Amino acid sequence: NNQAPCLTVRVTNYNHKTRIFEFKQHFHQFGDLVEIVVRGRETFLTFDREKDASDAVMDGSSAPLLGKRLTVEYARNFVSPQNGFHGPYRWHRDDALKKKEGMRYEKEARQQQVDERRAREKEYRKKEKEREKRREEERERREEERRSRSSRDRSRS
């Protein structure tokens, strides 16, 4: 459109209420996004491939986003913020993948705890049944002894 193709496009003239999620939703049709950085009244979107960025420049402004027609152009001199820059104004695919991986690890750890607890409860119920069985056998043995004593006492008298 205005320059030679590159991976990053600059988006301006958008509704001030537009969120990163909405940029992702609007521009994912052109290809995989690697990074979105919002700086003041402009947003930079970095794609995986130059072709995707070219498609975004050609067609990104065709459909309005939150009621405003976007201006989309190549961003040749864009420098991504340092890795320490996080927060509501930056989204990066690697951060999202790390978060997802962390959530999967936490879920697996919780599931392992649940499985271990269930195994302990099962073992406890099994031992409780065995104890109850021994108690019942002991009661029956005592009852039998009491009956035999009683019958011996009757036979002596």
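Bear in mind the structure is a predicted one, so any value in this text is a computation, not a measurement.
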Calculate, to the nearest 0.5 Å, the distance between atoms [atom1] and [atom2] belonging to [X] and [Y] respectively.
X	Y	atom1	atom2	answer
Thr43	Leu70	OG1	CG	9.5 Å
His26	Leu45	NE2	CG	9.5 Å
Ile20	Ile36	CD1	CD1	6.0 Å
Asn13	Thr71	CG	OG1	4.5 Å
Leu65	Asn15	CG	CG	8.0 Å
Glu132	Glu137	CD	CD	11.0 Å

Run the side chain to side chain contact (heavy atoms under 4.5 Å, CB included) test against Glu128 and tell me which residues pass, sequence neighbours left out.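 So Glu128 forms a side chain to side chain contact (heavy atoms under 4.5 Å, CB included) with Tyr124, Arg131, Arg135.
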
Check side chain to side chain contact (heavy atoms under 4.5 Å, CB included) between Glu138 and all other residues, then give those that pass, not counting sequence neighbours.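 If we apply the side chain to side chain contact (heavy atoms under 4.5 Å, CB included) test to Glu138, skipping adjacent residues, the hits are Arg141, Arg142.
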
Any idea which heavy atoms bring Ala75 and Cys6 closest together, and the distance? O-SG, 3.8 Å

For Leu7 versus Asp48, what's the shortest heavy-atom pair and its separation?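 In this case the closest contact between Leu7 and Asp48 is CD2-O, 3.7 Å.
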
How would you list all residue pairs meeting salt bridge (charged side-chain N to carboxylate O under 4.0 Å, His left out) that involve residues 106-118, not counting sequence neighbours? Arg117-Glu121

What pairs meet the salt bridge (charged side-chain N to carboxylate O under 4.0 Å, His left out) rule with one or both residues in residues 9-29, with sequence neighbours excluded?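 Every pair satisfying salt bridge (charged side-chain N to carboxylate O under 4.0 Å, His left out) with a residue in residues 9-29: Arg10-Glu42, Arg10-Glu73, Arg19-Glu22.
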
Hey, what's the ring geometry for Phe30 with Phe27, parallel, tilted or perpendicular (30° and 60° as the breaks)?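 Aromatic pair Phe30/Phe27 classed tilted.
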
Using a strict cut-off of less than 4.0 Å between a Lys/Arg side-chain nitrogen and an Asp/Glu carboxylate oxygen, indicate whether Arg139 and Glu143 qualify as a salt bridge. no

Would you call Lys133 and Glu136 a salt bridge, taking side-chain N to carboxylate O under 4.0 Å as the test?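 No.
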
Would you indicate whether the side-chain heavy atoms of Ser54 and Tyr74 approach each other to under 4.5 Å? yes

Any side-chain heavy atom of Val34 within less than 4.5 Å of one from Phe47?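 Contact flag for Val34/Phe47 side chains = no.
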
Can you name the ring-ring contact (aromatic ring centres under 6.0 Å, His included) partners of Phe23, sequence neighbours left out?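 Once residues adjacent in sequence are excluded, the partners of Phe23 under the ring-ring contact (aromatic ring centres under 6.0 Å, His included) criterion are Tyr14.
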
Donor-acceptor list for residues 55-63 side chains, cut-off 3.5 Å, not counting sequence neighbours:
residue: Asp55; atom: OD2; partner: Lys51; partner atom: NZ; Å: 3.0
residue: Ser62; atom: OG; partner: Asp59; partner atom: O; Å: 2.6

Before giving the answer on side chain to side chain contact (heavy atoms under 4.5 Å, CB included), spell out for Arg41 and Thr12 the whole-Å C-alpha distance, their side-chain angles and the decisive distance to 0.1 Å. CA-CA 6 Å; Arg41 299 295 291 141; Thr12 56; over 6 Å; no

CA sep, side-chain torsions, deciding dist, call: Arg147, Glu144, salt bridge (Lys or Arg N to Asp or Glu O under 4.0 Å): CA-CA 5 Å; Arg147 282 191 215 133; Glu144 187 62 37; 3.5 Å; yes

